[in-house]
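Below: the structure, in structure tokens.
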There are 2 protein chains.
Amino acid sequence: MKNSQLYKGSLNTIIMKLLEENGRMYGYEITQKVKLITKGELNITEGALYPALHKLEADGHLDVEVERVDNRMRKYYKLTETGEKETVNRLAELEEFIKNMQSLVSGAPKTDLQF
Amino acid sequence: MKNSQLYKGSLNTIIMKLLEENGRMYGYEITQKVKLITKGELNITEGALYPALHKLEADGHLDVEVERVDNRMRKYYKLTETGEKETVNRLAELEEFIKNMQSLVSGAPKTDLQF
DNA sequence: CAAATATACATAAATTTCTTATGTATAATA
DNA sequence: TATTATACATAAGAAATTTATGTATATTTG
């Protein structure tokens, strides 16, 4: 993807969440969806997306179905059962991450262990 | 740092924000502060921190002052003027990033260009 | 209708960022 | 006195991404 490096490390979570939400999607569709949702701010590059999809598949998190639409190839991906469980974990991690980042930038260090 | 890869790419922003807030800090202090704020969830490793500080300094975002406290060396870092401006940008990017990630995971794609 | 853009996949080289593993040194604690 | 805490540093390797290509078909535009 292309933008501030903050997005580094979030690609897999994004892919899995979109698949969880939409049932099945193909690569190009994912890039367009993300562009829409982020109003053009996040553009997933092919060089990042396809290897990520292949790895998620290799790890058993995704299943693939190849189809030909309008004489063009599409590879539809959907979450496996394992992938669904993993998605739940990743989304929980994302929530924690966001909370922590908000704590860090809101200058709210308090609420510490006090004896 | 050590955790879900979501934190990848956020180290510089964290460092700069903490320096903006605290005036000046030394490396070890930063690791402890982050640990406290995130309640132990985010542990910045030395192998990530020190190279990051050196790079920020090389890029003109940080100034260093070496001091000896209790017979131990400390390298205090503070933002340069350039660094302060850059920090504003990075924090804005972080806010956008968080918003975008929330849009992505909250399943709220709507509000698109409609003609 | 030719050229450019959009759709749709893929991979390889280089870069960036971080982890893991060390290393040095002093102070405090068990 | 051995371990843990404080405080710095760097180097090798891994992982994720960027950048640059490549192939192929469909659609739009000048």
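Numbers restart at 1 for each chain; the letters A, B, ... are given by sequence-line order, proteins then strands.
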_Output one letter per nucleotide in nucleotides 6-11 of chain C: B when a protein non-hydrogen atom lies under 4.0 Å from the base, S when only the sugar-phosphate is that close, - when neither is._
SBSBBB
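Environment of CD in B/Glu81: sparse, with no more than 12 heavy atoms of neighbouring residues, nucleotides or ligands closer than 6.0 Å.
Between the CG atom of B/Leu53 and the CD1 atom of B/Ile30 there is a distance of 5.0 Å, given to the nearest 0.5 Å.
Here A/Arg90 does not pair with A/Glu95 in a salt bridge; the nearest charged N to carboxylate O distance is not below 4.0 Å. Looking at A/Glu21 and A/Lys17, a side-chain N of the basic residue comes within less than 4.0 Å of a carboxylate O on the acidic one, giving a salt bridge.
Taking atom CG of residue B/Leu56 and atom P of nucleotide C/dC18, one finds them 11 Å apart after rounding to whole Å. The distance between atom NZ of A/Lys55 and atom P of C/dA12, rounded to the nearest whole Å, is 17 Å. The interatomic distance linking A/Ile44 (CD1) with D/dT19 (P) rounds to 15 Å, in whole Å. Atom-to-atom, CD1 of B/Ile15 to P of C/dT17 comes out at 11 Å; the value is rounded to the nearest Å.
In this structure, A/Gln5 does not reach the C/dT16 phosphate: none of its side-chain N or O atoms is under 4.0 Å from OP1 or OP2. Phosphate contact (OP1/OP2 of C/dA25, side-chain N/O of B/Asn71, threshold under 4.0 Å): absent.
If you chain together hydrophobic residues whose side chains sit under 4.5 Å apart, A/Val88 and B/Leu104 never meet in one group.
Considering every non-hydrogen atom in both B/Ser103 and A/Ile37, the closest pair reads CB-CG2, 3.8 Å.
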